[in-house]
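Protein chains get the first letters and strands the later ones, always in sequence-line order, with residue 1 at the start of each.
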2 protein chains.
Amino acid sequence: MRKAEVRMEPTPKELAELFDLARKLEGMLIIFARCRVHYEGRAKSELGEGDRIIMIKPDGSFLIHQKKKREPVNWQPPGSKVRLELRNVPTIVSVRRKPREILEVELLETYMVSAFFAEDYEALKLSGSEAEMAALIFSNPDVIEPGFKPLFREKPVRHGIVDVLGVDKEGNLVVLELKRRKADLHAVSQLKRYVEALREENPGKIVRGILVAPSITAGAQRLLEKEGLEFRRMEPPKRKEKRKSRQKTLDFL
Amino acid sequence: MRKAEVRMEPTPKELAELFDLARKLEGMLIIFARCRVHYEGRAKSELGEGDRIIMIKPDGSFLIHQKKKREPVNWQPPGSKVRLELRNVPTIVSVRRKPREILEVELLETYMVSAFFAEDYEALKLSGSEAEMAALIFSNPDVIEPGFKPLFREKPVRHGIVDVLGVDKEGNLVVLELKRRKADLHAVSQLKRYVEALREENPGKIVRGILVAPSITAGAQRLLEKEGLEFRRMEPPKRKEKRKSRQKTLDFL
DNA sequence: GTGTCTATATCGTTG
DNA sequence: CAACGATGTAGACAC
């Protein structure tokens with residue numbers, strides 16, 4: 001069996017065969033087609049006739065791409081059930097259970113169908129995330145301020161979950177809200193919500209709130225100052241490596 | 001010229017030819033390959049060897065899909081500049097200018113490359129958005145409450161932009177925050193931020209805040225009540241049609 | 001361009 | 001499963 005199978009201008013029968021083969025062997029499908037698309041679920045949409053690329057993955061993910069934009073024009077997430085119906089016009093139907101969503105693609109003309117029996121055991125190793133900012137703060141708390149002691153990570157409070165909760169050198173409670181990119185109004189609102197919750201839960205205690213991010217928008221800065229909150233500049237650290245991938249062992253050598 | 005061109009197990013030269021053809025004629029490219037991926041920009045990532053599908057669009061969009069999930073494992077947004085470099089290993093390089101981001105894909109083995117010269121003049125017609133909730137409220141304000149009068153849509157206030165600003169039958173200011181899906185803590189924080197801004201800007205005035213959504217999480221409900229804000233249940237309306245697509249005219253008939 | 005917000009957001013994690 | 005928050009969020013729109 002080859003890794004890739006292709007049929008140009010397939011008949012409905014050829015289309016169905018490759019569709020079934022991909023299903024059985026857990027291959028990915030790519031279809032070039034002129035099609036119409038109907039979606040109904042959380043919202044509802046219609047897409048008139050045009051040429052698009054359809055991608056169907058063995059986990060049920062379903063993507064329809066036009067020739068612009070990073071985002072698919074229509075899609076179905078993993079877990080959806082897909083089938084090919086040979087109506088007057090061959091139609092791909094994908095159903096998601098919860099919430100119930102249906103995607104139908106009428107294949108008016110299929111230029112190419114291909115199946116790819118991909119083998120892939122690697123996972124992305126990403127660096128520069130908010131989680132790595134937190135790790136840095138715990139390993140080197142002085143990046144926040146001298147004497148800062150982080151105590152909890154992802155600490156649930158009354159109205160949400162605080163990124164980092166600690167104490168300053170005076171013993172005051174300190175809430176950190178971390179953002180890996182420029183902090184906006186939303187980030188300030190979030191921090192304010194946590195600070196207010198902690199003040200309620202700790203009457204009489206001083207509770208400081210610090211927004212930690214590489215930069216901040218003008219509007220967020222205004223709101224931050226009005227609320228008596230603080231800002232500490234910090235870049236998300238980019239490591240050389242991060243272990244997350246499955247190791248490839250060569251036992252048999 | 002056919003709509004689709006395919007090369008199985010292409011040589012680097014064949015790969016380059018189809019790559020250039022797609023570029024020149026604004027076609028979409030699909031490549032099945034065993035590859036490694038390196039990304040550096042806002043963050044940094046590495047992806048070890050494995051089989052993936054690569055999609056390159058004429059607008060510069062660049063997607064690398066593994067066989068699971070709706071999201072590409074790596075990507076580049078529209079506007080990026082892509083080129084094929086015939087090094088020891090053929091390598092696709094995509095560069096984004098602002099922010100500066102580089103994506104490199106080493107093609108260790110190319111199983112298939114295909115170009116699709118897609119023609120598509122249709123745009124998605126979507127219904128059930130937040131914008132349509134707002135339209136419904138303006139055309140039929142009683143869905144909020146008897147006597148409600150919406151005055152502004154997307155009204156900038158001190159710390160953000162209010163979805164709908166109006167007055168109730170008593171003449172009090174009313175801020176609506178619309179959500180097309182279940183409202184969460186973020187939605188309540190947002191509403192609270194607007195209400196507080198409007199109370200500051202209108203001293204002495206009563207300002208009500210109403211969260212309008214199909215449902216609300218338990219935590220959001222708690223915070224909403226504590227803050228003296230209100231909830232009004234409303235489903236995003238799904239229309240039969242919505243005009244957004246380019247009309248196909250048949251002048252010559 | 002920056003700032004603000006929506007999204008059929010998707011995704012991971014936790015209770 | 002619901003809830004909560006991150007995301008290299010992307011995309012749209014106003015200023």
Problem set entry | Distance, P atom - from dG8(D) to dC4(D), rounded to whole angstrom | 23 Å
Problem set entry | Pair listing, salt bridge (charged side-chain N to carboxylate O under 4.0 Å, His left out) test, anchored in residues 150-165 of chain B, at least two apart | Arg158(B)-Glu200(B)
Problem set entry | Residues which pass salt bridge (Lys or Arg N to Asp or Glu O under 4.0 Å) with Asp120(A), listed by chain and number, not counting sequence neighbours | Arg52(B)
For this session: Using salt bridge (Lys or Arg N to Asp or Glu O under 4.0 Å) as the criterion, list what pairs up with Glu130(A), not counting sequence neighbours.
Result: none
For this session: Please identify each residue that fulfils ring pair (Phe, Tyr, Trp, His ring centres under 6.0 Å) with His159(B), with sequence neighbours left out.
Result: none
Problem set entry | Pairs involving residues 178-188 of chain B, ordered by first then second residue, that meet salt bridge (charged side-chain N to carboxylate O under 4.0 Å, His left out) (sequence neighbours left out) | Glu177(B)-Lys179(B)
For this session: With sequence neighbours excluded, tell me which residues meet ring pair (Phe, Tyr, Trp, His ring centres under 6.0 Å) with Phe62(A).
Result: none
Seminar exercise, completed: At a 4.0 Å cut-off to heavy atoms of chain B, the contacted part of DNA chain C spans dT2(C) to dG12(C)
For this session: Output yes when a side-chain donor or acceptor of Asp59(B) lies under 3.5 Å from a complementary backbone atom of Lys69(A), and no otherwise.
Result: yes
For this session: Classify every nucleotide of nucleotides 4-11 of chain D by which part a protein heavy atom approaches to under 4.0 Å, writing B for the base, S for the sugar-phosphate alone and - for neither, in 5'-to-3' order.
Result: SSSSBBSS
If you look only at distance, which donor and acceptor atoms sit under 3.5 Å apart when one is on a side chain in residues 99-107 of chain A and the other is two or more places apart or in another chain?
from, atom 1, to, atom 2, distance (Å)
Glu101(A), OE1, Arg42(A), NE, 3.2
Glu101(A), OE1, Arg42(A), NH2, 3.2
Glu101(A), OE1, Arg96(A), NH1, 2.7
Glu101(A), OE2, Tyr39(A), OH, 2.4
Glu101(A), OE2, Arg42(A), N, 2.9
Glu101(A), OE2, Arg42(A), NE, 3.0
Glu104(A), OE1, Arg87(A), NH1, 3.4
Glu106(A), OE1, Arg36(A), NH2, 3.3
Glu106(A), OE2, Arg36(A), NE, 3.4
Glu106(A), OE2, His38(A), NE2, 2.6

For this session: Determine the Euclidean distance between corresponding P atoms of dT4(C) and dT8(C); express it in Å to zero decimal places.
Result: 23 Å
